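Reviewing the structure listed below.
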Amino acid sequence: QLHLVESGGGLVHLGESLGLSCAASGPLFERYVLGWYRQVPGNERELVASITTRFRITYSDSVKGRFTISRDNTKNTVPLQMNNLEPEDTAVYSCAAAFGDGELIYPSYWGQGTQVTVSS
């Protein structure tokens, strides 16, 4: 079982950068596919970035070229660096995980979420 805790959200202005981090506790962290989702009230949850156990990375078209996901299997963390932020990036960002080497389609574990607000 994996416990996920996000940190790093806040308020930034258009064009600025913000780094999020997800700290995981539990065994076998390196065997989980990990990702970051975001959700705006009234909208469906969106997978913005994911990284597999083999470090294969996928981004949504809306963040490609601006966001960078990584994983540190020695520290059990999943950072998400967000650059050139836009008001449309405003959302609650949540870390998620699923055991195995596949894509992050049905996460089994979720963090509590952290608010990111981008003002224009």
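Not measured: the values here are computed from a predicted model.
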Next on the checklist: Quick test of your reading: applying disulfide bond (SG atoms under 2.5 Å apart), list the pairs with at least one residue in residues 25-105, sequence neighbours left out, ordered by first then second residue.
Outcome noted: C22-C95

Item to check | Contact list for residues 23-65, test disulfide bond (SG atoms under 2.5 Å apart), sequence neighbours left out | outcome: none

Can you tell if the side chain of [X] reaches within under 4.5 Å of the side chain of [Y], non-hydrogen atoms only?
X: V78; Y: I69; result: yes
X: T52; Y: D101; result: yes
X: L34; Y: F29; result: yes
X: S17; Y: V12; result: no
X: V118; Y: H13; result: no
X: Q112; Y: V5; result: yes

What distance do [X] atom [atom1] and [Y] atom [atom2] have between them, rounded to the nearest 0.5 Å?
X: S94; Y: W36; atom1: OG; atom2: CH2; answer: 8.0 Å
X: Q115; Y: L11; atom1: CD; atom2: CG; answer: 9.5 Å
X: L14; Y: L85; atom1: CG; atom2: CG; answer: 9.0 Å
X: E30; Y: T74; atom1: CD; atom2: OG1; answer: 11.0 Å

Side-chain heavy atoms nearer than 4.5 Å, only ILVMFWY residues, links allowed to pass through others: does that put [X] and [Y] together?
X: L28; Y: V33; result: no
X: L20; Y: V92; result: no
X: F55; Y: L47; result: no
X: I51; Y: L2; result: yes
X: L104; Y: V48; result: no

Checklist entry - Is the number of heavy atoms from other residues, nucleotides or ligands under 6.0 Å of E44 CD greater than 12? => result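 Atom CD in E44 is not crowded, with 12 or fewer foreign heavy atoms closer than 6.0 Å.
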
Checklist entry - Is a side-chain N or O of T114 found less than 3.5 angstrom from the main chain of G9, in a donor-acceptor match? => result yes

Checklist entry - Between E6 (side chain) and G113 (backbone), is there a donor-acceptor pair under 3.5 Å? => result yes

Checklist entry - Have T77 and D72 got a donor and an acceptor in their side chains that come within less than 3.5 Å? => result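 No, no side-chain donor-acceptor pair sits under 3.5 Å.
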
Item to check | Salt-bridge criterion met for D89 and R66 (N-O under 4.0 Å) | outcome: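 Looking at D89 and R66, the cut-off is met.
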
Item to check | Test: E103 and R56 ion pair at under 4.0 Å | outcome: yes

Item to check | Of E86, E88, R38, the residue whose pairing with S62 passes side chain to side chain donor-acceptor pair (under 3.5 Å) | outcome: R38

Checklist entry - For Y37, which residues count as a ring-ring contact (aromatic ring centres under 6.0 Å, His included) partner, sequence neighbours excluded? => result W110

Checklist entry - Would you call the rings of F67 and Y93 parallel, tilted or perpendicular if under 30° counts as parallel and over 60° as perpendicular? => result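 If you compare the ring of F67 with that of Y93, the planes turn out tilted.
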
